[in-house]
Amino acid sequence: MNILLLGSGGRESALARVIAKSSLTENFFISPGNPGMEQYGKCIELKGFENMGNFCMQNRIDMLVVGPEQPLVDGISDFFAGTKGLKNIVVIGPNKTAAQLEGSKDFSKQFMQRHDIPTARYQTFNAKTVEQGKKFLQTLNPPYVLKADGLAAGKGVVIAQNLDQAKKELEEMLLDAKFGQASSQVVIEEYLNGIECSVFVLTDGKNYVLLPEAKDYKRAGEGDTGLNTGGMGSISPVKFCTEEFLNKVKTRIIDRTIQGLQKENIHYQGFIFFGLMNVEGNPYVIEYNVRMGDPESESVFARFDSDIVKAFSLIKEQRLNEYQIKISPQTAATVMLCSGGYPQEYEKGKVINGLDSTEDAIVYHAGTKNENGKTVTAGGRVIAVTCLSDGLQAALDKCYRNIGKISFDNKYFRKDIGKDLL
Ligand code: AMP
Ligand code: GLY
């Protein structure tokens with residue numbers, strides 16, 4: 001099988017690692033990739049769907065695996081399905097209609113409502129209905145959750161502590177385009193008090209394979225304080241995701257989502273990421289993502305002991321029910337090494353040392369590049385270190401030991417990943 005993977009972050013590094021391991025993988029290309037991914041496949045830079053399509057034809061690509069959400073929301077699956085010479089390529093990632101589950105919060109909330117999928121009570125507003133929006137806020141209890149409808153690079157959710165602040169945020173989002181076009185509509189929803197976790201499936205539109213669950217640590221500061229980030233670390237499994245809880249997730253959320261898509265004739269193939277809140281043992285959907293999570297993937301795929309390409313290859317004929325998934329019973333812990341200042345301003349181009357000195361750890365590159373023969377920082381989240389061990393404490397200990405061996409100027413990481421669950 002010849003495979004092209006799109007993306008350049010920690011999530012794609014984790015996908016690349018398991019794709020490279022498969023005995024079914026022949027030629028493996030990654031666009032654009034990063035220096036750490038060169039050990040898994042050939043990194044090339046392809047810009048635009050046309051170029052990607054031409055490359056796929058020239059290199060007889062059988063499978064396109066799409067890491068991030070943007071190309072999916074922009075319709076890369078539709079482009080491949082509608083282009084002569086590309087139609088037979090299996091795209092792992094949903095079409096544009098299905099990708100609205102992530103691309104539009106209003107679409108996803110309406111979808112959940114239609115299919116009786118537990119989620120926070122909500123209403124959607126636009127520039128013409130700001131005043132109604134303020135009235136709706138008055139019916140809720142603090143804190144107030146406001147979400148830009150469209151993609152906003154993970155920044156489009158505002159949690160306001162009091163009513164005045166919430167009203168001001170609403171005005172800024174709708175009237176001052178705080179998040180550009182993404183906030184031309186705003187979803188206001190009830191605040192759910194609970195503990196978050198991430199659940200993932202790979203689906204062919206009819207059947208699905210449940211992947212290991214994970215917990216992501218989103219805030220920049222210790223003790224879940226400070227600004228929201230793309231994710232500072234993750235662990236898998238998650239002890240509060242008991243069999244009973246996961247059964248509720250399956251029956252109330254996953255089954256209803258897959259069946260809902262089928263009922264609405266929306267074909268979905270690829271990963272679905274359910275961002276969940278566990279409220280007193282009951283799962284509620286906070287958000288859908290139409291891709292894997294980052295840094296959840298780093299932990300999830302570290303525990304993945306089966307052949308991912310085999311699963312991908314069963315998708316086209318909707319035979320995913322034949323797939324036998326094997327998951328390591330060990331615990332995976334991932335800690336992100338970030339550039340000091342992230343998620344706000346930070347410097348780039350710092351030389352990274354010690355990348356080869358880790359022991360029994362997976363070192364995923366997230367934001368790096370090669371410069372004058374050296375690997376340097378090129379993003380806010382720079383390196384994800386993942387370790388597997390028996391139990392959370394041992395996995396974390398191993399991870400933090402290894403992190404000490406990697407250095408760059410102004411390295412920052414959270415020291416309390418997983419501690420809340422020990
Ligand atoms: P999202 O981008 O939708 O994942 O939202 C970002 C973060 O906001 C989530 O990870 C939650 O921590 C928080 N959040 C979103 N919606 C709610 C809600 N209804 N209740 C409580 N927290 C929420
Ligand atoms: N870790 C959260 C996300 O990937 O959206």
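Bear in mind that the values here come from a model prediction, so they are computed numbers and not experimental data. Whatever order the structure lists them in is the order used to number ligands and atoms, beginning at 1. Worth knowing before you read on, the calculation uses all heavy atoms, side chains too, and leaves out hydrogens, waters and symmetry mates.
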Would you call Asp216 a ligand 1 contact, heavy-atom distance under 4.0 Å?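 False for this residue.
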
Of all the non-hydrogen atoms in the protein, which one sits nearest to [atom], and at what distance?
| atom | result |
| --- | --- |
| atom 7 (C) of ligand 1 | Asn228 ND2, 4.2 Å |
| atom 17 (C) of ligand 1 | Glu189 OE2, 3.8 Å |
| atom 8 (O) of ligand 1 | Val157 CG1, 3.7 Å |
| atom 4 (O) of ligand 1 | Glu287 OE2, 2.7 Å |

Let me know which of Lys239, Lys215, Arg414 forms a salt bridge (Lys or Arg N to Asp or Glu O under 4.0 Å) with Asp420. Lys215

For ligand 1, which part of Ile159 has a heavy atom less than 4.0 Å away: the side chain, the backbone, both, or neither? side chain

Location of contacts on Leu192 toward ligand 1, heavy atoms closer than 4.0 Å: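 Within the 4.0 Å criterion, Leu192 contacts ligand 1 through backbone and side-chain atoms alike.
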
Would you please name every residue forming a salt bridge (charged side-chain N to carboxylate O under 4.0 Å, His left out) with Arg219, sequence neighbours left out?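 Salt bridge (charged side-chain N to carboxylate O under 4.0 Å, His left out) check on Arg219 returns nothing, list empty.
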
Modelled atom types, side-chain donor and acceptor of Thr334 and Ser299, under 3.5 Å: yes

For a quick test of your reading: what N or O donor-acceptor pairs under 3.5 Å do the side chains of residues 139-148 make, sequence neighbours left out?
unit_1: Thr139; atom_1: OG1; unit_2: Phe136; atom_2: O; d: 2.6
unit_1: Lys147; atom_1: NZ; unit_2: Glu189; atom_2: OE2; d: 3.1
unit_1: Lys147; atom_1: NZ; unit_2: Ile286; atom_2: O; d: 3.1

Which residues satisfy the ring pair (Phe, Tyr, Trp, His ring centres under 6.0 Å) test with Phe304, sequence neighbours excluded?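 Phe304 satisfies ring pair (Phe, Tyr, Trp, His ring centres under 6.0 Å) with Phe301 only.
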
Please confirm whether Lys218 comes within less than 3.5 Å of ligand 1 when only nitrogen or oxygen atoms on both sides are compared. yes

Please indicate whether any nitrogen or oxygen in Glu190 is less than 3.5 Å from any nitrogen or oxygen in ligand 1.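 Yes - when backbone and side-chain N and O of Glu190 are compared with those of ligand 1, one distance drops under 3.5 Å.
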
Can you figure out which of Lys105, Arg121, Lys147, Glu196 has its heavy atom closest to atom 16 (N) of ligand 1? Lys147

Sort out the contact shell of ligand 2: every protein residue with a heavy-atom distance below 4.0 Å, listed by chain and number.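 Its neighbours under 4.0 Å (heavy atoms only) are Asp216, Gly230, Phe273, Asn289, Arg291, Gly293, Asp294, Pro295, Glu296, given by chain and number.
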
